[in-house]
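Structure, as structure tokens:
This one's a predicted model, so the numbers in the text were calculated from it and none came from an experiment. For reference, positions follow the sequence shown, starting with 1.
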Amino acid sequence: MPRQKVTKILAQAYERGLAAAAHGQVATYIPELGKANPLDLGISLCLPDGTRYEIGDVEKRFTIQSISKVILLGCAIDRCGAKAVFSKVGMEPSGEAFNSLVELDLRTSRPLNPMINSGAITVASLLKEVMSFDEFMEITRKVCNDPDIAFNEAVYRSEMEHLSRNRSIGYLLESKGIITTGVEESLDFYTRMCSMNVTARSLANLGVTLAMDGVEPFTGEQLLPVRTCEIVKTIMLTCGMYDSSGEFAVFVGIPTKSGVGGGLLSAADDRIGIGVYGPSLDEKGNCIAGRPVLELLSEELELHIFDKADVIDEIRKAEERERARSERGNVSVRSLRHKGARTFMPFNVKDTGKD
Ligand code: DON
């Protein structure tokens, strides 16, 4: 797609996002976040070859907040193993707010997924045993290709002083035997990881690394295992936008994670990483500009996970090849997508003699 066309689409997305931003509010339950300008907006796209398309406040620093849950999950699967992680936390959307405790208290024996606070505090309790926060921050700098990511002491302190809800979640987890050691240490790790300063550009870098199944496009280094990335992206798609995840999957269709600092991280497989910064939030705590921005980008750049527009030609060609072959036997064409390449595999259908 010509550069000019993408630039035009991005400008349109920015306009739509800005219009939406006027209808949201910045987070205030962490008082330091209340200082953000609700009309800030930045959109950064990074392609697998390192090409960037950007508009607005893409270099402005803000705290990563819940987007760090994606890196936390990746590190925990890597260091502790998927089995250990998912023995403590589920893989199901909660349908509740990100900081809810009701389902944990009344309906489940463990947090429903690692993207809600209860799930992430649980995963932090596991990771803190094998990784220091400094190492975690160093890994974050690497996967975001951003050596300037620093710890935001003011936001950390502000959240620690208003931690009643997460502290309740932590002790409920302990009462249920899910956190077995160090509730306060787990909460501290969790709050610290939410307090790292990123930019929309660093999130786009992280997005493209996930889109490329762990390969960092600038160095070609495999930073996370392929299987880990697949799990993380699936959970982003089903749970990353909390109780908006279903709608978001239908209308945007790109694995995405939000943070109350205003960030959004999206990873469209094999195609693009997207980072958005817009601190004006909707009632679910997600960047309110995110939906119109990502919906437009998804539609115009054909990024929806089930968008087949770019493969129609290949399907047709495969069908023609198979039609010729089917004359020799009963072969039907079925499209199967393979990692890294669009190929279509036929499979044999047994001749029942009925038609
Ligand atoms: O634990 C909290 O409440 C925050 N540190 C993070 C929540 C968050 O980012 C929810 N996302 N939209």
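Counting only N and O atoms by type, the side chains of Tyr171 and Lys176 include no donor and acceptor under 3.5 Å apart. Under 3.5 Å, the side chains of Thr199 and Ser202 contain a donor-acceptor pair of N or O atoms. Between the side chains of Gln65 and Ser68, no donor N or O sits under 3.5 Å from an acceptor N or O. Asp134 and Ser132 are not linked by any side-chain donor-acceptor pair at a separation below 3.5 angstrom, with hydrogens and angles left out of the test. Defined by atom type and a distance below 3.5 Å, a donor-acceptor pair is present between the side-chain atoms of Asn205 and Arg52. For the residue pair Asn99 and Asn117, no side-chain donor N or O sits within less than 3.5 Å of a side-chain acceptor on the partner.
In this structure, Ser87 and Lys83 have side chains that are not in contact, with every pair of non-hydrogen atoms separated by 4.5 Å or more. Side-chain contact between Ile235 and Pro114 is present, with at least one heavy-atom pair separated by less than 4.5 Å. Counting heavy atoms from C-beta outward, Leu237 and Ile305 have side chains that approach closer than 4.5 Å. With contacts defined as side-chain heavy-atom distances shorter than 4.5 Å, the pair Val293/Ile43 qualifies. Counting only heavy atoms from C-beta outward, the side chains of Asp243 and Lys284 approach each other to under 4.5 Å. Residues Asp188 and Thr191 form no side-chain contact, since every pair of their non-hydrogen atoms from C-beta on lies 4.5 Å or further apart. Residues Val260 and Phe98 form a side-chain contact, since some pair of their non-hydrogen atoms from C-beta on lies under 4.5 Å apart. Side chains of Val89 and Ile178 form no contact here, defined as non-hydrogen atoms less than 4.5 Å apart.
For residues 133-168, the set of pairs meeting the ring-ring contact (aromatic ring centres under 6.0 Å, His included) definition, not counting sequence neighbours, comprises Phe133-Phe151, Phe133-Phe189, Phe136-Phe189, Phe151-Tyr156.
Electrostatic pairing of Asp148 and Arg201 does not count as a salt bridge here, judged by no charged N lying under 4.0 Å from a carboxylate O. Under the 4.0 Å criterion applied to side-chain N and carboxylate O atoms, Arg110 and Glu92 are not assigned as salt-bridge partners. Between Lys35 and Glu32, at least one side-chain N (NZ, or NE/NH1/NH2) sits under 4.0 Å from a carboxylate O, which counts as a salt bridge. Salt bridge Arg107/Glu96: present, at least one basic N to carboxylate O contact under 4.0 Å. Using a 4.0 Å cut-off between charged side-chain N and carboxylate O, Lys142 and Glu216 make no salt bridge. Using a 4.0 Å cut-off between charged side-chain N and carboxylate O, Asp282 and Arg291 make no salt bridge.
Residue Glu129 qualifies as enclosed at atom CD: its count of foreign heavy atoms under 6.0 Å is above 12. Within 6.0 Å of the CD atom in Glu59, the count of heavy atoms belonging to other residues, nucleotides or ligands does not exceed 12.
Panel note: side chain Gln222, backbone Leu224; a donor-acceptor pair is recorded below 3.5 Å. With hydrogens and angles ignored, the 3.5 Å screen pairs a side-chain donor or acceptor of Thr108 with a backbone N or O of Glu103. Proximity of a side-chain donor or acceptor of Arg271 to a complementary backbone N or O of Glu302 within less than 3.5 Å is detected. Ser298 places no side-chain N or O within 3.5 Å of a backbone atom of Glu295 that could act as its donor or acceptor partner. Judged by distance alone, the side chain of Ser195 and the main-chain N or O of Met193 form no donor-acceptor pair under 3.5 Å. Formation of a donor-acceptor pair under 3.5 Å by the Thr51 side chain with backbone atoms of Leu47 is not found in this model. Side-chain atoms of Asp57 come within 3.5 Å of backbone N or O of Leu41 as a donor-acceptor pair. Side-chain atoms of Arg61 come within 3.5 Å of backbone N or O of Asn197 as a donor-acceptor pair. A donor-acceptor contact shorter than 3.5 Å is absent between the side chain of Asp40 and the backbone of Gly278.
The CD1 atom of Ile179 sits 10.0 Å away from the CD atom of Glu184 when rounded to the nearest 0.5 Å. Note that OG of Ser118 and CG of Leu112 are 7.0 Å apart. Values are rounded to the nearest 0.5 Å. The structure places OG1 of Thr140 at 11.5 Å from CD1 of Ile67, a figure rounded to the nearest 0.5 Å. Between the CG atom of Asp213 and the CG atom of Asp270 there is a distance of 7.0 Å, given to the nearest 0.5 Å. The structure places CE of Met115 at 11.5 Å from CE of Met91, a figure rounded to the nearest 0.5 Å.
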Subject >> Candidate pair Val183 and Arg167, rule side-chain contact (heavy atoms from CB on, under 4.5 Å), full reasoning >> reply: CA-CA 8 Å; Val183 177; Arg167 193 161 268 128; 6.0 Å; no
Subject >> Intermediate values then yes/no, salt bridge (Lys or Arg N to Asp or Glu O under 4.0 Å), Arg157 and Glu153 >> reply: CA-CA 6 Å; Arg157 294 258 160 250; Glu153 189 75 34; 3.0 Å; yes
**OP:** Please lay out, stage by stage, how Leu301 and Leu45 fare under the test side-chain contact (heavy atoms from CB on, under 4.5 Å).
**Re:** CA-CA 11 Å; Leu301 304 178; Leu45 314 184; 4.3 Å; yes
Original post:
Going through the distances and angles, do Val70 and Leu210 end up as a side-chain contact (heavy atoms from CB on, under 4.5 Å)?
Top reply: CA-CA 10 Å; Val70 167; Leu210 287 171; 4.0 Å; yes
Original post:
Does the side-chain contact (heavy atoms from CB on, under 4.5 Å) test come out yes or no for Lys128 and Thr181, once each step is laid out?
Top reply: CA-CA 10 Å; Lys128 74 167 183 2; Thr181 54; 3.7 Å; yes
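No chain of hydrophobic side-chain contacts below 4.5 Å, direct or via other Ile, Leu, Val, Met, Phe, Trp or Tyr residues, connects Val208 to Val276. Grouping the Ile, Leu, Val, Met, Phe, Trp and Tyr side chains by contacts below 4.5 angstrom, directly or via other members, places Val252 with Val6. There is no path of hydrophobic side-chain contacts, each under 4.5 Å, that joins Leu18 to Ile288. Taking hydrophobic clusters as Ile, Leu, Val, Met, Phe, Trp and Tyr residues chained together by side-chain heavy-atom distances below 4.5 Å, Met131 shares a cluster with Leu126. Following chains of ILVMFWY side-chain contacts shorter than 4.5 Å, one cannot reach Leu281 starting from Phe248, and the two form parts of different hydrophobic clusters.
Listed here is the closest heavy atom pair of Ala249 and His304: O-NE2, 3.1 Å. Considering every non-hydrogen atom in both Glu159 and Cys194, the closest pair reads OE1-CB, 4.2 Å. The two residues Ser186 and Ala124 make their nearest non-hydrogen contact at O-CB, 3.9 Å. Taking every heavy atom of both residues into account, Pro111 and Thr122 meet most closely at CG-OG1, 3.4 Å. The nearest pair of heavy atoms linking Gly263 to Phe62 is CA-CE1, 3.6 Å. Nearest heavy atom pair, residue Lys257 against residue Gly240, reads NZ-O, 3.0 Å.
Exactly one residue among Ser100, Ser66, Ser94 makes a side chain to side chain donor-acceptor pair (under 3.5 Å) with Tyr242. That residue is Ser66.
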